[in-house]
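Residue numbers run from 1 in the order of the sequence given. Computed from heavy atoms alone, side chains included, the values below leave out hydrogens, waters and symmetry copies.
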Amino acid sequence: MLRSLLVAAIVGASYVFSSPLLNTTAPRACGTFISPENLIVAEADFQAKKVVPGEIGIFAATIPIYFHVISSGSAVSQGNIPDSQIQSQVTVMNRAFASAGITWSLAGIDRTVNTNWFNTAGPGNSAQNSMKSSLRRGGANALNVYTVGFNSGAGAGLLGYATFPSSYSSSPTDDGVVMLFSSVPGGTTTNYNLGQTLTHEAGHWVGLYHTFQGGCGSPGDSVSDTPPEASPASGCPVGRDTCAGGGVDPIHNFMDYSYDSCMTEFTPGQVTRMRQQLSTYRGISI
């Protein structure tokens with residue numbers, strides 16, 4: 001019980017986020033840090049509670065997505081992205097997670113004009129707490145996505161952030177992804193407008209760490225088939241190899257920080273982990 005409470009405190013307080021400035025070519029950057037000690041505690045909890053779904057080859061799950069479009073006005077430039085871009089985003093997600101047997105189903109779209117939420121929502125602040133408590137729908141098995149502007153305050157300049165599956169039980173209202181509205185497919189954020197921001201953040205929502213978690217040391221991202229990586233990649237570098245042994249950096253992995261155009265894959269090990277995390281903490285399995 002004590003260990004479970006500690007894990008909830010560690011993970012529930014952690015966000016995963018990336019931050020190029022709006023409409024620039026800046027690299028992604030992570031603002032969340034899970035210490036090696038805390039990661040050990042979280043992974044021990046996962047091992048103790050792990051639910052292994054049925055035969056991996058036949059795993060299939062449909063996860064509802066609720067989109068909450070937050071804007072400061074009626075124009076697309078004010079965050080009022082059209083349904084067509086949201087539908088394209090779901091298509092991108094389904095393509096990315098197809099190897100995992102995960103289908104994302106658009107369950108609803110709602111729209112809220114709230115300048116404070118749009119501009120200032122950020123990890124753990126009052127604006128995001130109010131936004132989520134007012135709008136969140138569904139249970140542990142439903143992905144709630146909030147599109148905002150990240151213009152000021154705690155969220156200034158962010159590309160997106162997410163919660164992990166293991167934090168749901170302690171903070172169910174907080175669960176979900178907050179992302180920059182202009183990073184959806186066809187958006188205006190240079191190099192990050194093909195929809196992979198949500199793929200990346202949803203990767204955290206299903207239980208994956210960054211590929212560079214822990215740098216070159218063990219256990220890294222707790223997935224055996226992602227080569228160790230000392231630091232996040234930027235752009236789409238060829239032959240980048242920041243850790244001795246283990247192979248070149250996984251710059252094409254959805255959980256690195258490459259440009260959207262460079263992101264193409266999850267590894268089999270990541271697929272196994274996300275299935276087990278979904279079964280263990282979100283009650284999602286065949």
**Prompt:** Distance-only, no hydrogens or angles: does the S134 side chain make a donor-acceptor pair with backbone N or O of S130 under 3.5 Å?
**Reply:** yes

**Prompt:** With a 4.0 Å cut-off, would you call K49 and E43 a salt bridge?
**Reply:** no

**Item:** Co-membership, hydrophobic cluster, residues L135 and L143, 4.5 Å side-chain
**Value:** yes

**Asked** Linking I/L/V/M/F/W/Y whenever any side-chain heavy atoms sit under 4.5 Å apart, do V92 and V69 land together?
**Response** no

**Prompt:** Does R137 offer a backbone N or O that forms a donor-acceptor pair with the side chain of N144 under 3.5 Å?
**Reply:** yes

**Message:** Between R240 (side chain only) and T242 (backbone N and O only), is there a donor and an acceptor less than 3.5 Å apart?
**Reply:** no

**Asked** Between T199 and Q196, is a side-chain hydrogen bond (donor to acceptor under 3.5 Å, both in side chains) present by the stated rule, with each step listed?
**Response** CA-CA 5 Å; T199 300; Q196 304 305 1; 2.7 Å; yes

**Request:** Take N151 and T120, measure what side chain to side chain contact (heavy atoms under 4.5 Å, CB included) needs, and give me the verdict at the end.
**Result:** CA-CA 6 Å; N151 290 319; T120 70; over 6 Å; no

**Item:** T189-S182 side chain donor-acceptor pair, cut-off 3.5 Å
**Value:** yes

**Prompt:** Mind checking whether F212 and S231 have side chains closer than 4.5 Å, heavy atoms only?
**Reply:** no

**Fill in**
Closest heavy-atom pair, D256 versus A233, reported as atoms and distance to 0.1 Å, is OD1-N, 3.1 Å

**For the student: nearest non-hydrogen atoms of A100 and M274, plus distance** = CB-SD, 3.6 Å

**Message:** With a 4.0 Å cut-off on N to O distance, would you call D175 and R282 a salt bridge?
**Reply:** yes

**Prompt:** Side chains of N141 and I63: closer than 4.5 Å at any heavy-atom pair?
**Reply:** no

**Item:** salt_bridge(D83, R111) N-O dist < 4.0 Å
**Value:** yes

**Request:** Supply the atom-to-atom distance S72 OG to Q78 CD, rounded to the nearest 0.5 angstrom.
**Result:** 4.5 Å

**Item:** Distance-minimising heavy-atom pair for F150 and L158
**Value:** CD1-O, 2.9 Å

**Request:** Evaluate the side-chain proximity of N191 to S261: yes if any heavy-atom separation is below 4.5 Å, no if none is.
**Result:** no

**Asked** In Å and rounded to the nearest 0.5 Å, what is the CG to CD1 distance from N119 to I70?
**Response** 12.0 Å

**Request:** Verify side chain to side chain contact (heavy atoms under 4.5 Å, CB included) between T188 and N193, making sure each step is shown before the conclusion.
**Result:** CA-CA 6 Å; T188 57; N193 58 0; over 6 Å; no

**Asked** Between the main-chain N or O of G122 and the side-chain N or O of N125, is there a donor-acceptor pair closer than 3.5 Å?
**Response** yes

**Item:** Any S234 side-chain heavy atom under 4.5 Å of Y257 side chain
**Value:** no

**Message:** Let's go through S279 and I284 carefully: what are the C-alpha distance in whole Å and the side-chain angles of both, what is the deciding distance for side chain to side chain contact (heavy atoms under 4.5 Å, CB included) to 0.1 Å, and is it a yes or a no?
**Reply:** CA-CA 5 Å; S279 296; I284 299 174; 5.9 Å; no

**Prompt:** Do the side chains of T280 and F46 get nearer than 4.5 Å, heavy atoms only?
**Reply:** yes

**Prompt:** side chain to side chain donor-acceptor pair (under 3.5 Å) with T226: which of T211, T267, D221?
**Reply:** D221

**Asked** Below 4.5 Å, heavy atoms only, C-beta onward: do W117 and H68 meet side chain to side chain?
**Response** no

**Heavy-atom pair of closest approach, residues H204 and P165** = O-CD, 3.5 Å

**Item:** Path from V206 to Y66 over hydrophobic side-chain contacts below 4.5 Å
**Value:** no

**Asked** Is the shortest heavy-atom distance from the side chain of E229 to the side chain of P250 under 4.5 Å?
**Response** yes

**Message:** Measuring centre to centre across the rings, with the benzene-like ring taken for any Trp, is F164 within less than 6.0 Å of Y281?
**Reply:** no

**Message:** Please say yes or no: joined through hydrophobic side-chain contacts below 4.5 Å, possibly via intermediate residues, are V178 and W104 part of one cluster?
**Reply:** yes

**Prompt:** Among the clusters formed by ILVMFWY side chains lying less than 4.5 Å apart, do Y146 and Y192 turn up in the same one?
**Reply:** yes

**Asked** Okay, side chain of S105, backbone of A107: is any donor-acceptor separation there less than 3.5 Å?
**Response** no

**Asked** Taking all atoms of both residues into account, what is the closest heavy-atom pair of Y161 and A121, and its distance?
**Response** OH-C, 4.4 Å

**Prompt:** So, the side chain of Q89 versus the backbone of G195: is there a donor-acceptor pair under 3.5 Å, distance only?
**Reply:** yes

**Request:** Please confirm whether the backbone N or O of M255 pairs with a side-chain atom of N253, one donor and one acceptor, at under 3.5 Å?
**Result:** yes

**Message:** Restricting to non-hydrogen atoms, name the atom on D249 and the atom on P228 that form the minimum distance, rounded to 0.1 Å.
**Reply:** OD1-O, 3.6 Å

**Asked** With a 4.5 Å limit on heavy-atom distance, are the side chains of P82 and V76 in contact?
**Response** yes

**Item:** Donor-acceptor under 3.5 Å (S258 side chain, H252 main chain)
**Value:** no

**Message:** Walk me through whether N116 and M131 qualify under side chain to side chain contact (heavy atoms under 4.5 Å, CB included).
**Reply:** CA-CA 10 Å; N116 182 47; M131 175 181 72; over 6 Å; no

**Check: S74/N80 side-chain N/O donor and acceptor closer than 3.5 Å** = no

**D174/Q128 under side-chain hydrogen bond (donor to acceptor under 3.5 Å, both in side chains): CA gap, chis, key distance, verdict** = CA-CA 9 Å; D174 191 44; Q128 79 113 39; 3.0 Å; yes

**Message:** Tell me whether S183 contacts the main-chain N or O of L180 through its side chain, where contact means a donor paired with an acceptor under 3.5 Å.
**Reply:** yes

